[in-house]
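In what follows, chains carry the letters A, B, and so on, assigned in the order in which the sequence lines appear, proteins first and then strands, with residues in each chain numbered from 1. As the structure is a computational prediction, the values presented were derived from the model and not from experiment.
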Protein chains: 2
Amino acid sequence: MTLTDGRRPGSRGVAADHVSLRRNNLSVVLRHVRDLGPRSRARIAEETGLNKATVSSLVAELVERGLLREGLADSSRALGRPGQLVELDGTGVCGVGAEINVDYLAVAALDLAGDVVLEKRVPVDVAHLEPGATLDRLAGLVREAVAAVEARNGQLAGVTLAVPGLVQVETGELKLAPNLGWGELSVAQEMRMRLGEPTYPLHVDNEANLAALAAYAELRGIEGESMHDLVLLTGAVGVGGGVVAGGHLMRGGHGYSGEVGHMPVAPPGRTCGCGRTGCWETVVGLTALLHKATDRDDPVRDPALDVEQRLAGITRRAEAGDARTLSALKDVGTWLGIGGAILVNILNPDVLVLGGYFAVLGPWLKEPLEKAIQERVIAPDGGGCRVVRSELGFAAAVRGGAQISLDQVFVDPTRIGAAT
Amino acid sequence: MTLTDGRRPGSRGVAADHVSLRRNNLSVVLRHVRDLGPRSRARIAEETGLNKATVSSLVAELVERGLLREGLADSSRALGRPGQLVELDGTGVCGVGAEINVDYLAVAALDLAGDVVLEKRVPVDVAHLEPGATLDRLAGLVREAVAAVEARNGQLAGVTLAVPGLVQVETGELKLAPNLGWGELSVAQEMRMRLGEPTYPLHVDNEANLAALAAYAELRGIEGESMHDLVLLTGAVGVGGGVVAGGHLMRGGHGYSGEVGHMPVAPPGRTCGCGRTGCWETVVGLTALLHKATDRDDPVRDPALDVEQRLAGITRRAEAGDARTLSALKDVGTWLGIGGAILVNILNPDVLVLGGYFAVLGPWLKEPLEKAIQERVIAPDGGGCRVVRSELGFAAAVRGGAQISLDQVFVDPTRIGAAT
DNA sequence: GATTTTGTCTGTTGAACCAACAAACTAAGT
DNA sequence: ACTTAGTTTGTTGGTTCAACAGACAAAATC
């Protein structure tokens, strides 16, 4: 991770002075403890290459800022004086993520340790509501989350909003959200107004991007620290894609990257929401699955049901071994692999993560998907890419939003807490 | 650009001390002068935010290392004492790039200012030669380039080899190069042996990746410094893709990214070299163009002709307004746009660069290509992506190889020159 | 000569480093 | 049980290095 850099990794480096040097090393120690767990000062010094005295000084400052705390004595080493464990102090600082999606609003607050302080999701038929009314309700949820953080005496690192559309990250303006039926709208400005011009940072980002970030954090715990490249596919009505490349979220030149749903891979068939035919999401979106697996008058297609109830219905049938359901799932899995192979050939990720409804139905999708990828990827052994289900479900984007707010604290710990 | 980082941007930051602080600021000043041109110390201080005294000290060290030199007096400002211009000293340090391709070997040496010291290309029918024999000949070219650098009394920053295949960058091992007919081979080790275990760094990288890097440097001069995201498409027998995202070369988890030639976008037609049908390169590769534009017994298809002679033939006919040629070019342009739109939707680059034969025939390909992209990209206005021809032609990869060696000097100027 | 700008010089500050050391513990010997 | 040697931890005092701040001589214009 950069030290003195701004947000753009490609930019010319920035001149550094003693302050940035200190900031860097504070960040190094803090992230070291986050990633590798509680450990003594001596061990931190050994592992980071910093001097023992320096580590002591850095830890003291981080403790004063409420980011680290001293824990128990370390009895793991046999000989010598036992060290005092230093661990992440989750209680002090929290980040909040909130999400607008087609049929729900959601919010999450995470503390510095990544533990969930509050998580809430309410069904809302956003497409049939005025944007203003939706934002009113979202602001209510954000206020609840902020209140929960304040009730814990926590400082708020920031709030990040996830939107399923094209977002200009720098300004927080939404350009287009076809699934919501929204056009241009300055979401950041509207929300700042509704939240009473708050002092904490408020950002807006693409839903799939934030979900990818959450999956990245989730999977580094499982797949290991050497995992740096990931593609997340979230299945919903459409298909969203988020890319982490070299440990950084890939946003593209104008923040419009990851629009994978409209790759023209399918044979000309159903017309897509974008007006064309042959789009990937016409064969792997939830609608496509329902059309393949059920008849028009099937009870799972009842408009009164929400996504999760429909998925529960499909899952039940698949578990019972219903032939038509299984065949439809295999079909979707194969198409998922055909598009997935394109992504793997272009991006060569370490893992391809299934999110949203793909994660729920993962057990049935995974096998045909992996087969299709193995057949189509040019690199030996599928480029070493594994297919993995995310456990975060529909909470991935809000988690990612909370995390990206917290990440700023890890990059620059001096943002938080009293000055020395 | 990072400061204290290793090669992997996602890795945990590295502890910094006074030495890395100095290294960073040396790098900042050096890159500042490279990117913004000659200027006085006072101006560098003003623009970078460093102190005047600090800049003096940094410049002195960079001059001592042979990376900067003092130029003329700056008479641009009206009032006051004129400054002494400080400029890049190209003469001291050079980087070398070399390339193995299907029908030629090439080498280039660039100095620190980016000026060409030597550039050479020799036709070689690599596919019908033993790999060992090819490497022997390549080693000869590299020795020529090194000799040219030494003749100028220049220090060699490094040598980078470009190969049209899947390369493991860390080890320098080639995994697969279908167009050469090569399998697994440790190119780095073989070349080090042939060059007599040289002391300078020797790396191996994918040809399209290096070409993308060269195009990035080329276009930042034209498109401006705010350009950070680029996709390069090199047309040859196949199609290669290179991606620069956020100013960094995107390599993927195992270095296998950018394999765009086999996206299944075309209708089932000719069988591709990979054994499947419908691959992108079956409709946009040079062979596809020749099949569309000419009959079997057409003189441009004469096996005695090389690529450039064939292209010259096609160009001549297009300029003369030959209907069949123009129609074939329009066709290829449209298919180029269909695949290109996928890349733009996924990666949202600032520019899509045409390299290799696409650049040569760019005038005829560009219009249908842009039309196809505009129609298929979801983001407004094609995601702000422009289509641009590269002027580097078939020298892009060697230039990129030389540049990536030189880049190391800009990141850490203390690698070069006498210690203070 | 007054003014403005450049670049150097002197001294200060801040942060990391180094070496020494007291504290806290284990293990072995008496 | 008590002592002693050996280990490891974390702090302290002093050193080093690099950036900074301000003063100032030099070199130009007006």
Side-chain angles (χ1 to χ4, degrees), chain A residues 3-4 13-29 33 38-64 68-86 413-414 419-420, chain B residues 3-4 13-29 33 38-64 68-86 413-414 419-420:
Chain A
L3 201 6
T4 49
V14 167
D17 57 4
H18 293 122
V19 178
S20 23
L21 182 61
R22 180 80 176 174
R23 184 166 47 219
N24 177 50
N25 289 345
L26 286 168
S27 167
V28 165
V29 169
V33 174
R39 59 227 309 107
S40 70
R41 292 169 175 81
R43 214 170 142 200
I44 295 172
E46 203 180 313
E47 290 164 346
T48 59
L50 287 161
N51 189 277
K52 275 198 297 172
T54 309
V55 171
S56 276
S57 158
L58 292 166
V59 167
E61 179 169 345
L62 290 168
V63 168
E64 183 151 4
L68 291 181
R69 67 167 164 240
E70 214 156 80
L72 306 167
D74 177 17
S75 47
S76 67
R77 294 205 191 187
L79 250 54
R81 167 180 167 182
Q84 291 296 112
L85 286 183
V86 172
T414 61
T420 22
Chain B
L3 198 9
T4 50
V14 168
D17 58 3
H18 294 122
V19 178
S20 23
L21 182 60
R22 180 78 176 178
R23 185 166 46 220
N24 178 49
N25 288 344
L26 285 169
S27 167
V28 166
V29 170
V33 174
R39 58 229 307 109
S40 70
R41 292 168 175 81
R43 211 167 145 203
I44 295 172
E46 203 180 313
E47 289 164 347
T48 59
L50 288 162
N51 188 278
K52 274 198 298 171
T54 308
V55 170
S56 275
S57 159
L58 291 166
V59 166
E61 181 170 343
L62 290 168
V63 168
E64 183 151 3
L68 291 180
R69 66 168 164 239
E70 214 156 80
L72 308 165
D74 177 18
S75 46
S76 67
R77 295 206 190 186
L79 250 56
R81 168 181 165 182
Q84 291 297 112
L85 286 184
V86 172
T414 61
T420 24

Q.
Closer than 3.5 angstrom, by distance alone: can the side chain of A:Asn25 be matched with the main-chain N or O of B:Ala16 as a donor-acceptor pair?
A. yes

Mind calculating the distance between [atom1] ([X]) and [atom2] ([N]) to the nearest angstrom?
| X | N | atom1 | atom2 | value |
| --- | --- | --- | --- | --- |
| B:Leu58 | D:dC17 | CG | C1' | 13 Å |
| B:Leu72 | C:dT6 | CG | P | 17 Å |
| A:Glu61 | D:dT11 | CD | P | 15 Å |
| A:Asp17 | D:dC17 | CG | C1' | 14 Å |

Using atom names, set out every protein N or O paired with an N or O of nucleotides 13-15 of chain C below 3.5 Å, distance rounded to 0.1 Å.
residue	atom	partner	partner atom	Å
C:dG14	N2	A:His18	NE2	3.2
C:dA15	N3	B:His18	NE2	3.1

Q | Distance-only polar pair, side chains of B:Thr48 and B:Arg43, donor-acceptor under 3.5 Å | A |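 Distance-only check fails for B:Thr48 and B:Arg43.
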
**Q.** Residues that B:Arg81 engages under salt bridge (Lys or Arg N to Asp or Glu O under 4.0 Å), provided they are two or more places apart
**A.** none

Atom pairs under 3.5 Å: protein N/O with N/O of nucleotides 7-11 of chain C:
residue	atom	partner	partner atom	Å
C:dG7	OP1	B:Gln84	N	2.5
C:dG7	OP1	B:Gln84	O	3.4
C:dG7	OP2	B:Arg41	N	3.2
C:dG7	OP2	B:Ala42	N	2.8
C:dG7	O4'	B:Arg81	NH2	3.3
C:dG7	N7	B:Lys52	NZ	2.7
C:dG7	O6	B:Lys52	NZ	2.9
C:dT8	OP2	B:Ser56	OG	2.4

Q | Inter-end axis angle, the helix from C:dG1-D:dC30 to C:dT30-D:dA1, with every axis fitted to five base pairs (rounded, 10 degrees) | A | 10°

Q) Any side-chain heavy-atom pair from B:Glu70 and B:Val63 closer than 4.5 angstrom? A) no

**Q.** Any A:Leu62 side-chain heavy atom under 4.5 Å of A:Pro413 side chain
**A.** yes

Q) OG1 of B:Thr54 to CD1 of B:Ile44: how many Å apart, nearest 0.5 Å? A)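 Rounded to the nearest 0.5 Å, the OG1-CD1 separation comes out at 12.5 Å.
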
Q | Separation between CG of B:Leu68 and CG of B:Leu85, rounded to the nearest 0.5 Å | A | 12.0 Å

Q) Quick one: side-chain contact (heavy atoms from CB on, under 4.5 Å) partners of B:Ser56, sequence neighbours excluded? A)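 With sequence neighbours excluded, B:Ser56 shows a side-chain contact (heavy atoms from CB on, under 4.5 Å) to B:Arg41, given in chain and number order.
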
Q) Mind checking what makes side-chain contact (heavy atoms from CB on, under 4.5 Å) contact with A:Arg69, not counting sequence neighbours? A) A:Glu87, A:Asp89, A:Thr91

Q: Might you work through the salt bridge (charged side-chain N to carboxylate O under 4.0 Å, His left out) test for B:Lys52 and B:Glu46, ending with a clear yes or no?
A: CA-CA 8 Å; B:Lys52 274 198 298 171; B:Glu46 203 180 313; over 6 Å; no

